[in-house]
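Remember, it's a predicted structure, so these values are computed and weren't measured experimentally.
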Amino acid sequence: MAGSELTIYIVEDSPAVMERLVEAVGDIPNAKVVGSADAVAAALEGMRLAQPRVLILDIQLRGGSGFQVLKQLRASRSRPEAVIVVTNHPSDDYRIASRECGADHFFDKASEFHKVREVLLQIDAA
């Protein structure tokens, strides 16, 4: 899909982290954030409307978890091209659960934040 717009939806409950994520994708030539949410229901509705190529998803959300979002996306068969989980809780249990629920990538916000941008650049170049 090289050359097509890299549409991204961000689900994150921390305004500071949301801002960092938007900045991280801001200088990727074809990237565009098409929506964001901080809670499960808003995320699912926003994803349904935006139909992005990439979802960047936190695990801890207002009133629920990213796992609920992943399970609903899998059940609806309306999955983005790539799902990137970012979390402050990088335990092996969360990593495994994320993969089982359909995440393609799993990164620790504290030590692997830069990898989000790297993955987006790879997807954009593909």
Completion exercise
Separation between OG (Ser98) and CG (Leu57), nearest 0.5 Å, reads 8.0 Å

Practice task
Flag the pair Ile8 / Pro52 as yes when at least one side-chain heavy-atom distance between them is below 4.5 Å, and no otherwise.
Solution key: no

Completion exercise
Interatomic distance, CG@Leu6 vs CG@Leu120, rounded to 0.5 Å, equals 6.0 Å

Completion exercise
Rounded to the nearest 0.5 angstrom, the CG-CG distance for Asn30 and Asp124 is 4.5 Å

Handout entry: side chain to side chain donor-acceptor pair (under 3.5 Å) pairs, two or more places apart, involving residues 8-26
Key = Glu12-Lys109

Completion exercise
Taken in chain and number order and not counting sequence neighbours, the residues that satisfy side chain to side chain contact (heavy atoms under 4.5 Å, CB included) with Ala97 are Phe67

Practice task
Give a yes or no on whether a salt bridge exists between Glu118 and Lys115, defined as a side-chain N under 4.0 angstrom from a carboxylate O.
Solution key: no

For residues 87-96, which side-chain N or O atoms pair as donor and acceptor with protein atoms under 3.5 Å away, sequence neighbours left out?
from  : atom 1 : to     : atom 2 : distance (Å)
Thr87 : OG1    : His89  : N      : 2.9
Ser91 : OG     : Tyr94  : N      : 3.1
Tyr94 : OH     : Gln60  : NE2    : 2.9
Arg95 : NH1    : Phe106 : O      : 3.3

Handout entry: Note: Arg79-Asp104 ion pair, threshold 4.0 Å (strictly below)
Key = yes

Exercise for the section: Classify the side-chain pair Ser76/Arg48 by whether it contains a donor and acceptor separated by less than 3.5 Å. Expected result: no

Practice task
Can you measure from CD (Glu112) to CD1 (Ile84) and round to the nearest 0.5 angstrom?
Solution key: 12.0 Å

Problem - Distance, nearest 0.5 Å, that separates CD of Glu81 from CD of Gln51 - result: 13.0 Å

